[in-house]
Amino acid sequence: MRFLILGLLCLPMLFGAGPARAGPGVGPMEVQFRSVSVPQNSVPAIAQDRAGFLWIATNKGLTRYDGYRLRPIEAPGQKATQRSLGWVRALAAGADGRMWIGTEFQGLVAYDPQHDRVESHGSAPGLTAPYPSIRALAEGPDGAIWVGT
């Protein structure tokens with residue numbers, strides 16, 4: 001499946017660039033379109049973190065796009081089945097720099113950029129395994145993560 005990632009209106013938002021301004025010796029902003037191939041056929045969520053990375057949730061895991069390459073994000077483990085996040089349904093960029101990840105079968109996990117690792121947070125408070133499918137995530141003004149199942 002191929003996605004056209006950049007458009008005229010969303011380019012500044014996606015990569016932190018300001019509005020195009022003309023001034024002495026400065027031409028209009030050059031717009032570039034890039035096409036990115038994501039090998040999965042389902043993308044239920046896309047989010048951008050504070051660092052500007054684009055996160056793509058798929059039915060076969062999570063991928064981070066830095067503007068040049070796609071990097072799969074995996075949990076720790078020896079086997080591929082242990083490392084896979086499976087079907088990622090929801091994403092929320094946290095104010096603390098974490099990317100909160102809602103999965104179909106593994107509950108709530110987060111990517112910690114300071115340690116470059118995925119942390120399991122189990123299910124939402126008050127819920128027990130088997131974890132419900134997480135369909136929505138949001139961060140409140142107090143930093144609390146809201147989980148929709």
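In this structure, the separation between CG on L137 and CH2 on W100 is 9.0 Å, given to the nearest 0.5 Å. Interatomic distance, CZ of R117 versus CG of D112, reported as 5.5 Å (0.5 Å rounding). Interatomic distance, I56 CD1 to L54 CG, rounded to the nearest 0.5 Å: 5.0 Å. Note that the NE2 atom of H121 and the CD atom of Q106 stand 13.0 Å from one another [nearest 0.5 Å].
Applying the ring-ring contact (aromatic ring centres under 6.0 Å, His included) test to every pair with at least one member in residues 70-99, sequence neighbours left out, gives no pairs at all. Applying the salt bridge (Lys or Arg N to Asp or Glu O under 4.0 Å) definition to pairs two or more places apart or across chains, those involving residues 85-97 are R89-E104, D96-R98. The salt bridge (Lys or Arg N to Asp or Glu O under 4.0 Å) analysis of residues 44-57, with sequence neighbours excluded, yields no pairs.
Residues meeting the ring-ring contact (aromatic ring centres under 6.0 Å, His included) test with W55, sequence neighbours left out: Y111. Partners of A136 under the side chain to side chain contact (heavy atoms under 4.5 Å, CB included) rule, at least two apart in sequence or in another chain, do not exist in this structure. With sequence neighbours excluded, the residues forming a side-chain hydrogen bond (donor to acceptor under 3.5 Å, both in side chains) with R135 are S133, listed by chain and number.
Here the shortest heavy-atom pairing between G97 and P113 reads O-CG, 3.2 Å. Listed here is the closest heavy atom pair of A57 and P44: O-CD, 3.2 Å.
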Can you give me every donor-acceptor pair (side chain of residues 69-76, partner residue at least two apart or in another chain, under 3.5 Å) with its distance?
residue	atom	partner	partner atom	Å
R71	NH1	D116	OD1	3.2
R71	NH2	D116	OD1	2.8
R71	NH2	D116	OD2	3.2
E74	OE1	R83	NE	3.4

Name the atoms and distances for all side-chain donor-acceptor pairs under 3.5 Å in residues 139-146, with sequence neighbours left out.
residue	atom	partner	partner atom	Å
E139	OE1	A95	N	2.7
E139	OE2	A95	N	3.4
D142	OD1	A144	N	3.0

**Message:** Show, in sequence, the C-alpha distance, side-chain angles and deciding distance for I134 and L108, and conclude whether the side chain to side chain contact (heavy atoms under 4.5 Å, CB included) test is met.
**Reply:** CA-CA 7 Å; I134 296 176; L108 182 64; 3.9 Å; yes
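Under the 4.5 Å side-chain criterion, counting only non-hydrogen atoms from C-beta, I46 is not in contact with L91. Counting only heavy atoms from C-beta outward, the side chains of V88 and T58 never approach each other to under 4.5 Å.
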